[in-house]
Amino acid sequence: MNDASMASPAVNGRPKIGLALGGGAARGWAHIGVLEVLTEAGLKPDVIAGTSIGAVVGGCFAAGKLGELTEFATGLTKRRVVGLMDFHIGGAGLIGGGRLKRLLERDLAGQRIEGLPTRFVAIATELGTGHEIWLTQGPLVDALGASYALPGVFDPVKLGGRWLMDGALVNPVPVTAARALGADIVICVNLNSDLAGRGTIIQQHAADPDPELVPELDVRPTSRWLGGITGAARRVRGLVGRQGEARPGLAGVMIDAFNITQDRISRSRLAGDPPDVMIGPKLGRTGLFDFHRAQETIELGRQATRRCLEEIETAIAGSRLSA
């Protein structure tokens, strides 16, 4: 970090505001609405710590490019989202990430973290060791790519001699990082706070297997060709659930497992180092890959932040009194 950012005084005499932006894939467009309302209220953050999609939105804001990101997000359609995915075979993930990186470089090329006007850190996880890595220097685009490198979906990113992947594996809502970087009060945005009913304990559940989900096909093979058709049909049958519901696919299982882990870690870390204010947008109906619903998701972020403005002002007042 440059010395100027480390020694920057509080804005307008108020305490330094830190903003911790959590991970949550497409739900992260809500961060845009949060930042818009805070800025409109004269509460522009002095420190931003971001994980995964939180790093992307926070990094763009710190670089003065939130408007460009908002324009991109609100222009997404399902087709455009698919077009950004450069699927490949043989890598460590399903998606290479080159198209997304080039898109970020269009507006952020040449930007270095230590040169940003707002102090910023992106959180990543080191492959192998599980170390929590705070990216506070170097090219901004590379740091963002490492922070959102979801295991199994994106290839890990090698920076500074370390292979890095999604920071949500170790710090989904980086309150600790925002506080360590000099914030007097920390506001966090937890994108999973509205997911009620997760993580409970089912104390008694039978282990009896379900009956066949789809009845056997009454096909008697009369040739090798027809036998092959029957075998394929049986394999397809295994992909279909009762009443036409699809069985969980590979990508769905990976994402949901990651989301469950992230939710559990978030609860534990927020309990150990709670923020001064937590903003929890009502995103329970927003899917992790609903990137095309940015307009709606941004508005949910705005609404959640407006509900918390009084609480934020109270936290600021309390910080002044204790100073």
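Screening residues 127-149 for salt bridge (charged side-chain N to carboxylate O under 4.0 Å, His left out), with sequence neighbours left out, gives K101-D142, E132-R269. Screening residues 157-178 for salt bridge (charged side-chain N to carboxylate O under 4.0 Å, His left out) gives E126-R162 as the qualifying pairs, with residues at least two apart or on separate chains.
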Could you pull out every donor-acceptor pair under 3.5 Å between side chains of residues 59-75 and any protein atom, sequence neighbours left out?
{"residue": "T70", "atom": "OG1", "partner": "L66", "partner atom": "O", "Å": "2.8"}
{"residue": "T74", "atom": "OG1", "partner": "T70", "partner atom": "O", "Å": "2.8"}
{"residue": "T74", "atom": "OG1", "partner": "E71", "partner atom": "O", "Å": "3.3"}

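Cluster note: L270 groups with V173, V175, V186, M278 through ILVMFWY side-chain heavy atoms spaced under 4.5 Å, whether in direct contact or through intervening members.
To the nearest 0.5 Å, atoms SG (C188) and CG (D276) are separated by 9.5 Å. Note that CD of E299 and CD1 of I32 are 12.5 Å apart. Values are rounded to the nearest 0.5 Å. Note that CG of L43 and SG of C308 are 12.0 Å apart. Values are rounded to the nearest 0.5 Å. How far CZ of R307 is from OG1 of T305: 8.5 Å, rounded to the nearest 0.5 Å. With rounding to the nearest 0.5 angstrom, the CD1 atom of I133 is 14.5 Å from the CH2 atom of W163. Between the CG atom of L35 and the CD1 atom of I298 there is a distance of 11.0 Å, given to the nearest 0.5 Å.
Heavy-atom minimum distance, G28 versus V57: O-CG2, 3.7 Å. For P281 against A304, the heavy-atom pair with the smallest separation is CA-CB, 3.6 Å. Across all non-hydrogen atoms, the minimal contact from P156 to A149 is CA-CB, 4.4 Å. Between D290 and R285, the shortest heavy-atom contact is OD2-O, 4.3 Å. The two residues D184 and K16 come nearest to each other via the heavy atoms OD2-N, 2.7 Å. Across all their heavy atoms, I316 and P15 have their closest contact at CG2-CD, 3.6 Å.
R106 pairs by the side-chain contact (heavy atoms from CB on, under 4.5 Å) definition with L103, not counting sequence neighbours. Scanning for side-chain contact (heavy atoms from CB on, under 4.5 Å) contacts around A177 gives A49, V121, I123, W134, P174, with sequence neighbours left out.
By the 4.5 Å heavy-atom criterion applied to side chains, M165 and V157 are not counted as neighbours. Residues I113 and Q137 have side chains not in contact (no heavy-atom distance under 4.5 Å, counting atoms from C-beta outward). Two residues are said to be in side-chain contact when any heavy atoms from C-beta on lie closer than 4.5 Å; F120 and L140 meet this criterion. Residues L283 and T297 form a side-chain contact, since some pair of their non-hydrogen atoms from C-beta on lies under 4.5 Å apart. Put simply, the side chain of E40 reaches to within 4.5 Å of the side chain of R302, judged on heavy atoms. Counting heavy atoms from C-beta on, the side chains of L135 and L144 never come closer than 4.5 Å. In this structure the side chain of V47 never reaches within 4.5 angstrom of the side chain of L19, judged on heavy atoms. By the 4.5 Å heavy-atom criterion applied to side chains, I312 and I187 are counted as neighbours.
Between E296 and R293, at least one side-chain nitrogen of the basic residue sits less than 4.0 Å from a carboxylate oxygen of the acidic one, meeting the salt-bridge criterion. With respect to the salt-bridge test (charged N to carboxylate O, under 4.0 angstrom), the residues R119 and D46 do not qualify.
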### Task
Test side chain to side chain contact (heavy atoms under 4.5 Å, CB included) on I265 and V170 and set out the steps.
CA-CA 7 Å; I265 295 172; V170 289; over 6 Å; no
### Intermediate values then yes/no, side chain to side chain contact (heavy atoms under 4.5 Å, CB included), Y148 and L100
CA-CA 11 Å; Y148 68 67; L100 289 172; 3.7 Å; yes
### Task
Decide side chain to side chain contact (heavy atoms under 4.5 Å, CB included) for I53 and L21; before the verdict, give the C-alpha distance in whole Å, the side-chain angles of both, and the deciding distance to 0.1 Å.
CA-CA 8 Å; I53 186 68; L21 301 177; over 6 Å; no
### Query
So I185 and R179, side chain to side chain contact (heavy atoms under 4.5 Å, CB included) or not? Walk me through it.
CA-CA 7 Å; I185 69 165; R179 208 179 296 284; over 6 Å; no
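Looking at S193, its side chain does come within 3.5 Å of a backbone N or O of N190 through a donor-acceptor pair. Put simply, the side chain of T51 never gets that close to the backbone of G23: no donor and acceptor are under 3.5 Å apart. Of the possible polar contacts, none joining the S52 side chain to the G54 backbone as a donor-acceptor pair under 3.5 Å is found.
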